[in-house]
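Report on the structure given below.
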Amino acid sequence: MDNKENIEDELASIAPLLKTIDRTPVQFLPTAYFEQFNMVIPPLERAPIIKMQPRFNWIRYATAAVVVGVLVMGAFLYTNNSTMAFEDNKYGKIDFASEINQLSDEDLQTYLSSVDVLTGAGQQAITNDIDFVNDITIEQIPDEELLKYLNENTEKPIYKKTS
Amino acid sequence: MEDKEIITQFNQAATKNNAYTVLVKKYQEKLYWHIRRIVLSHDDANDVLQNTFIKIWNGLASFKENSQLYTWLYRIATNESLSFIDQQKRKSAVPLDEVAEVLSNQIKADTNFDANKLEWKLQLAIQQLPEKQRLVFGLRYFDEMTYDEMSKILDTSAGALKASYHHAAKKIEEFIKNN
């Protein structure tokens with residue numbers, strides 16, 4: 001520590017008034033404060049510090065995974081259900097009878113012709129056969145053919161073959 | 001007991017508590033007044049002194065003897081006091097231009113305050129200084145430290161501290177003469 005004389009000489013040169021002031025503390029201090037000041041000695045050994053970080057991380061990541069899973073599943077199911085419900089509502093509310101009544105003959109003809117196309121060559125062949133049959137009158141069919149047909153398609157023969 | 005002996009005994013388990021008690025008794029008064037000059041109120045000074053001695057207990061085993069124990073203790077006390085002041089500033093949010101007035105009011109609130117006494121005028125004058133100058137002035141004027149010792153406590157060059165001290169002393173004298 002610097003000796004007091006040096007400090008006093010310095011003060012005398014820069015601020016002589018300060019040299020004359022008593023430096024004993026004047027502030028309030030409780031009676032016998034320093035005599036009664038007791039510093040509690042902290043415990044010698046510190047309690048060991050247990051790191052919780054790894055376990056905490058594991059739980060945190062597991063929780064995050066579960067939450068994300070629930071959210072994804074929830075979003076998936078919600079989206080799917082709402083689409084299905086939308087489709088159900090869309091067609092469930094249609095009055096098909098009135099809708100068909102509103103169609104014109106031309107529209108129906110157009111639709112049926114498109115169905116013919118969609119049903120393919122087999123359907124076309126059947127239609128053609130029917131048209132062919134419709135063109136033949138019953139008078140043009142020989143009696144033998146008619147009898148043969150009736151005998152084949154009834155339980156009891158109606159006519160006996162005369163030969 | 002000399003400082004070196006205190007440190008030696010503190011580093012031995014059998015004499016550790018006794019060495020610490022001796023250290024507290026030896027330095028409590030000096031450190032208390034150093035802290036009190038910074039934080040002003042007795043209750044705050046008492047709290048900061050307790051924290052200071054806890055820090056000393058925790059750090060004394062690793063204290064390097066290439067510096068003086070005396071300056072090391074003052075450094076801890078100074079840091080604790082300044083941390084406390086910073087916390088108080090954040091809580092109160094007093095505007096900068098009102099800080100000196102708030103500090104003066106704290107001085108005047110002391111039960112022993114006497115506006116006619118030169119010692120109290122000195123206390124009021126010190127509160128008009130910036131924080132760093134208050135610290136420098138207190139360490140030199142009241143604790144009679146050398147500039148080298150102060151340099152170790154405040155991490156400032158001895159030349160800068162000397163200039164700061166001279167500046168502070170002149171301002172204080174001017175304030176006392178005008179009030």
Side-chain angles (χ1 to χ4, degrees), chain A residues 1-68 70-71, chain B residues 13 16-17 20-21 23-25 28-29 32-33 36-37 40-42 45-46 49-50 52-54 56-58 68 70-71 107 109-114 117-123 125 137 140-150 162 165-174 176-177:
Chain A
M1 194 179 293
D2 205 358
N3 66 56
K4 196 167 182 174
E5 282 179 15
N6 285 345
I7 295 171
E8 294 303 309
D9 290 346
E10 187 183 32
L11 266 181
S13 65
I14 55 170
L17 179 61
L18 299 187
K19 195 183 165 186
T20 64
I21 299 173
D22 184 10
R23 275 162 245 185
T24 308
V26 288
Q27 293 94 331
F28 162 79
L29 189 70
T31 311
Y33 170 69
F34 292 116
E35 290 75 14
Q36 292 171 3
F37 181 81
N38 282 322
M39 190 60 220
V40 178
I41 295 172
L44 274 174
E45 298 298 328
R46 286 183 185 176
I49 298 166
I50 301 164
K51 286 188 177 179
M52 301 290 286
Q53 197 69 10
R55 186 167 157 248
F56 175 71
N57 270 346
W58 182 85
I59 292 169
R60 190 168 57 175
Y61 289 131
T63 309
V66 169
V67 169
V68 168
V70 167
L71 287 174
Chain B
K16 186 176 182 124
N17 287 2
Y20 182 68
T21 305
L23 182 145
V24 170
K25 287 289 171 198
Q28 63 176 357
E29 195 166 344
Y32 171 84
W33 286 114
R36 179 81 186 264
R37 281 194 291 274
L40 299 182
S41 93
H42 166 72
N46 184 50
L49 184 66
Q50 295 274 351
T52 300
F53 277 121
I54 289 170
I56 290 166
W57 169 270
N58 289 332
Q68 284 187 45
Y70 176 73
T71 54
I107 295 289
D110 196 294
T111 51
N112 294 345
F113 181 74
D114 183 348
K117 279 193 172 180
L118 210 52
E119 289 81 6
W120 282 107
K121 284 184 179 177
L122 171 66
Q123 293 301 322
F137 182 81
R140 180 77 173 164
Y141 186 78
F142 293 106
D143 294 314
E144 298 171 350
M145 283 194 185
T146 66
Y147 289 117
D148 285 337
E149 287 168 340
M150 290 160 67
K162 190 172 183 177
Y165 175 70
H166 283 212
H167 201 54
K170 284 175 184 170
K171 278 205 278 189
I172 288 170
E173 190 173 60
E174 197 68 24
I176 294 171
K177 281 178 182 172

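Here is the naming used below: chain letters follow the sequence lines, and residue numbers restart at 1 for every chain. Side chains are part of it too, since the values below use all heavy atoms of this structure and drop only hydrogens, waters and symmetry mates.
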Nearest non-hydrogen partners of [X] and [Y], listed with the distance:
{"X": "Ile14(A)", "Y": "His166(B)", "answer": "CG2-ND1, 3.4 Å"}
{"X": "Lys25(B)", "Y": "Phe37(A)", "answer": "NZ-O, 3.7 Å"}
{"X": "Ala169(B)", "Y": "Ala15(A)", "answer": "O-CB, 3.6 Å"}

For each of [options], tally heavy-atom pairs with chain A at distances under 4.5 Å, and name the one with the top tally.
{"options": "Phe142(B), Phe53(B), Trp120(B)", "value": "Trp120(B)"}
{"options": "Asp114(B), Leu49(B), Asp148(B), Leu40(B)", "value": "Leu49(B)"}
{"options": "Gln50(B), Lys121(B), Lys170(B)", "value": "Gln50(B)"}

Any side-chain to backbone donor/acceptor pair from Glu173(B) onto Leu17(A)? Under 3.5 Å, distance only.
yes
Ile21(A) CD1 to Ile176(B) CD1 distance, which is reported to the nearest 0.5 Å
4.0 Å
Name every donor-acceptor pair, under 3.5 Å, that has one atom in a side chain of residues 27-35 of chain A and the other anywhere in the protein, sequence neighbours excluded.
residue, atom, partner, partner atom, Å
Gln27(A), NE2, Gln123(B), OE1, 3.2
Tyr33(A), OH, Asn46(B), OD1, 2.5

Check this for me: His42(B), atom NE2, are more than 12 non-hydrogen atoms of other residues, nucleotides or ligands nearer than 6.0 Å?
yes
With sequence neighbours excluded, residues passing ring-ring contact (aromatic ring centres under 6.0 Å, His included) with Phe137(B):
Tyr141(B), Tyr165(B)
Residue Lys162(B) versus chain A: region with a heavy atom under 4.5 Å:
side chain
Toward chain A, the part of Ser41(B) with a non-hydrogen atom under 4.5 Å:
neither
